[in-house]
Amino acid sequence: MVDARLPDGSRVNAVIPPCAIDGPTLTIRRFSKEKLGVEDLIRFGSLTPQMAEFLRACVVSRLNIVVSGGTGSGKTTLLNILSRFIPEGERIVTIEDAAELQLQQRHVVRLEAKPAEVDGTGRVGIRDLVINSLRMRPDRIVVGEVRGGEALDMLQAMNTGHDGSLTTAHANSPRDCLARLETMALMAGMELPLKVIREQIASAVDLIVQTSRLRDGSRKVIQISEIQGMEGDTIVMQDIFVFREHGLDPDTGRVVGEFMPTGVRPRFTPRLEQAGFNLPPEIFMSPNRRLY
């Protein structure tokens, strides 16, 4: 088996027998050369202008955000778009398993994991890069995806002054994302009690943005949830925006639904105001009746 990358950024995976039973298999994952922006997501119906403005305020105000979703749900695309909201003057360190992010800012340091050599030596994992990035004086740390023990190091970074960090994680809901973060933190092998890990998560993560690929193939931001803290041994969450699905359009076969604010203003509103974002109450209170 081999993982590689072509000069244009496409990712290549090759498998030969005996692992590939039916013969050699080559998979090439290509990426669009057109860089999508938040206006494109609004045009596609992936989120509303109000949700986009809210997310922009959260990124500029240095909230720690986790983009959660299943495979192919658009996590990396959304992370790429959110990272463009980072102000120009900040130093950004991106850490990825395979370089996909395309940041436009000037002060960007791109790090990529390195697989082991044939003899099993020389491997540099995501966790090693996260630890190393803390020595590089970053204003922001953007991790393409956490999938193992690096989750604990990422949480530690978020809790030790590296506000405004962004990352993605595989999960089917915001609550499932918290469980995944707990599991990945335990994979670091530190033998920490579960309550301590949950306290780290509740203290570090401010917002979970849930993406999903719906039945008709469309990708949408179906939930934006705030982490409010701990209540006993449980992490308290509150939805800010949700997507309500109404069914399928019989003529087009597309999913019909609407984006709804839940009527709750986030607890971190004062942080947004300190950064100069005085979002009108209507964003959180009045339902947007437009169907998508």
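The analysis underlying the following values was restricted to heavy atoms, covering all of them including side chains, and did not include hydrogens, waters or symmetry mates. Residue indices begin at 1 and follow the sequence shown. The model shown is predicted, which means the values in this text are computed figures rather than measured ones.
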Is there a side-chain contact (heavy atoms from CB on, under 4.5 Å) between L41 and V221 once you walk through the steps?
-> CA-CA 10 Å; L41 294 190; V221 177; 5.8 Å; no

What do the steps show when you test M237 against Q223 for side-chain contact (heavy atoms from CB on, under 4.5 Å), and what is the final call?
-> CA-CA 12 Å; M237 300 179 63; Q223 275 178 277; over 6 Å; no

Residues I42, L47; criterion side-chain contact (heavy atoms from CB on, under 4.5 Å); working and verdict | CA-CA 5 Å; I42 295 172; L47 76 174; 4.2 Å; yes

Should L279 and T269 be marked as a side-chain contact (heavy atoms from CB on, under 4.5 Å) after you check the CA-CA gap, both sets of side-chain angles, and the distance that decides it?
-> CA-CA 9 Å; L279 300 179; T269 298; over 6 Å; no

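One finds the OG atom of S61 at 12.0 Å from the CZ atom of F85 (value rounded to the nearest 0.5 Å). Expressed to the nearest 0.5 Å, how far CG of L152 lies from CD of Q200 amounts to 7.0 Å. A distance of 8.5 Å separates CG in L181 from OG in S68, rounded to the nearest 0.5 Å. In this structure, CE on M260 lies 11.5 Å from CZ on F241, to the nearest 0.5 angstrom. Rounded to the nearest 0.5 angstrom, R147 CZ and T167 OG1 are separated by 10.0 Å. E88 contributes atom CD, which lies 9.5 Å from atom CD of Q104 (distance to the nearest 0.5 angstrom).
Hydrophobic cluster membership is shared by V38 and L55, with clusters built from Ile, Leu, Val, Met, Phe, Trp and Tyr side chains linked at under 4.5 angstrom. Cluster membership check: V67 does not share its hydrophobic cluster with M158, using side-chain heavy-atom separations under 4.5 Å among Ile, Leu, Val, Met, Phe, Trp and Tyr. Taking hydrophobic clusters as Ile, Leu, Val, Met, Phe, Trp and Tyr residues chained together by side-chain heavy-atom distances below 4.5 Å, V143 does not share a cluster with I131. Linking ILVMFWY residues whenever their side-chain heavy atoms come closer than 4.5 Å, directly or via other members, places L79 and V209 in the same cluster. Note on I201: it does not cluster hydrophobically with L207, by side-chain heavy-atom contacts below 4.5 Å among ILVMFWY residues.
Shown here is M190, whose CE atom has no more than 12 heavy atoms of other residues, nucleotides or ligands within 6.0 Å. Heavy-atom neighbours of D22 CG from other residues, nucleotides or ligands within 6.0 Å: at or below the threshold of 12. Applying the 6.0 Å contact sphere to CG of L6 captures more than 12 heavy atoms from other residues, nucleotides or ligands.
Listed here is the closest heavy atom pair of T262 and V242: CG2-CG1, 4.3 Å. Taking every heavy atom of both residues into account, R62 and R271 meet most closely at O-NH2, 3.0 Å. The two residues C58 and I65 come nearest to each other via the heavy atoms CB-CD1, 4.1 Å. Here the closest heavy-atom approach between residue P174 and residue I208 is recorded as O-CD1, 3.7 Å. When every heavy atom of S203 is checked against every heavy atom of N159, the shortest pair comes out as OG-OD1, 2.9 Å. Closest heavy-atom contact between C19 and V15: CB-CG1, 3.7 Å.
Salt-bridge annotation for E245 and K220: absent, with no side-chain N of the basic residue lying under 4.0 Å from a carboxylate O of the acidic one. The existence of a salt bridge linking D249 and R254 is excluded, since no basic side-chain nitrogen approaches an acidic carboxylate oxygen closer than 4.0 Å.
A donor-acceptor distance shorter than 3.5 angstrom exists from the side chain of E96 to the backbone of L101, with no hydrogens or angles considered. Remark: the backbone N or O of M230 is not paired with any side-chain donor or acceptor of R198 at under 3.5 angstrom. Looking only at distances, no side-chain donor or acceptor of R213 sits under 3.5 Å from a matching main-chain atom of T71. In this structure a side-chain-to-backbone donor-acceptor pair under 3.5 Å is missing from D216 to G253. Listed for the D40 side chain is no donor-acceptor partner under 3.5 Å among the backbone atoms of L36. N64 contributes a side-chain N or O that, together with a main-chain N or O of G164, makes up a donor-acceptor pair within less than 3.5 Å. Judged by distance alone, with hydrogens and angles left aside, the side-chain atoms of T160 form a donor-acceptor pair with the main-chain N or O of Q156 at under 3.5 Å.
Looking at heavy atoms from C-beta onward, E282 lies out of side-chain contact with Q50 at the 4.5 angstrom threshold. In this structure, the side chains of R219 and L78 stay at 4.5 Å or more apart for every pair of heavy atoms. In this structure the side chain of I235 reaches within 4.5 angstrom of the side chain of I227, judged on heavy atoms. You'll find the side chain of D239 stays beyond 4.5 Å of the side chain of V264, heavy atoms only. S225 has its side chain out of reach of Q210: every pair of non-hydrogen atoms, C-beta onward, lies at least 4.5 Å apart. The side-chain heavy atoms of D3 and P115, taken from C-beta on, include no pair separated by under 4.5 Å. A 4.5 Å side-chain heavy-atom check between R140 and V59 finds at least one atom pair inside the cut-off. Side-chain atoms of E90 and Q105, non-hydrogen and from C-beta on, never get closer than 4.5 Å to each other.
The aromatic rings of F284 and F54 lie perpendicular to each other, with more than 60° between the two planes, well past the 30° mark.
A donor and an acceptor atom, one from each side chain of T168 and E145, are nowhere located under 3.5 Å apart.
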